[in-house]
Amino acid sequence: MKTLRSHFRTATLALCVAGLFASQAMAMPVIAPDQASPILLAASDCYAIGQQVAEQNGGTLAKASQSTRGGQPVCVIVVLVPGKDGQRPRRSEIVVPLN
């Protein structure tokens, strides 16, 4: 009976150590290409481009987003231009190449 307990403890210890090594192996970082950063950079570029376009048109920037049209990356800029004689602001959508 004493030998069975000894074997059981050894097997339990071995399983715990194997589980520890397996969890450490799964926790190792996997090298993968980072695809998120180019999208964030383009989004911030579109925002900067949108601010310039809004300033040129004398309005305020409402939205700036990246899109693909005809296989080319573009920024879709929405500018609110103040209306004349107290009218509502006009919504103007401008598509600008990302380059």
Side-chain angles (χ1 to χ4, degrees):
M1 189 71 164
K2 194 171 188 178
T3 343
L4 183 61
R5 270 192 215 159
S6 175
H7 289 303
F8 184 70
R9 283 184 186 162
T10 305
T12 304
L13 181 62
L15 284 174
C16 289
V17 169
L20 179 65
F21 283 125
S23 68
Q24 290 298 320
M26 295 299 290
M28 291 181 137
V30 177
I31 298 173
D34 186 17
Q35 296 177 357
S37 61
I39 294 172
L40 291 175
L41 290 175
S44 66
D45 287 343
C46 283
Y47 184 77
I49 292 170
Q51 286 181 328
Q52 291 175 355
V53 170
E55 184 179 321
Q56 290 171 356
N57 290 324
T60 57
L61 178 64
K63 180 180 174 184
S65 60
Q66 182 185 5
S67 182
T68 304
R69 297 203 178 161
Q72 299 294 325
V74 295
C75 293
V76 179
I77 311 297
V78 177
V79 177
L80 295 176
V81 181
K84 295 179 183 176
D85 298 326
Q87 293 179 352
R88 291 178 43 181
R90 284 186 339 228
R91 182 182 184 272
S92 177
E93 183 172 304
I94 303 161
V95 179
V96 181
L98 187 58
N99 300 340

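Each residue takes its place number in the sequence, starting with 1.
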If you measure from OG1 on Thr68 to CG on Leu98, what distance do you get to the nearest 0.5 Å? 9.5 Å
Sorted by chain and residue number, the side-chain contact (heavy atoms from CB on, under 4.5 Å) partners of Thr60 (sequence neighbours excluded) come out as Leu80
Would a hydrophobic clustering, with Ile, Leu, Val, Met, Phe, Trp and Tyr connected at side-chain separations under 4.5 Å, put Val76 with Val79? no
To the nearest 0.5 Å, atom CD of Gln52 lies from atom CG of Leu61 at 11.0 Å
Restricting to side-chain contact (heavy atoms from CB on, under 4.5 Å), what partner residues turn up for Val74, sequence neighbours left out? Ser67, Arg69, Val95
For Cys46 and Ser65 the tightest heavy-atom approach is SG-O, 4.0 Å
Treat each ILVMFWY residue as a node, draw an edge where side-chain heavy atoms are under 4.5 Å apart, and state whether Ile94 and Tyr47 are in one component. yes
Smallest separation among heavy atoms of Ile77 and Ala64, with atom names: CD1-CB, 3.9 Å
Minimum heavy-atom distance between Pro82 and Gly58, given as atom pair plus value: CD-O, 3.3 Å
Would you check if Pro73 and Gln66 make a side-chain contact, meaning some heavy-atom pair closer than 4.5 Å? yes
Testing the basics here: between Asn57 and Val81, what is the closest heavy-atom pair and its distance to 0.1 Å? O-CG1, 4.1 Å
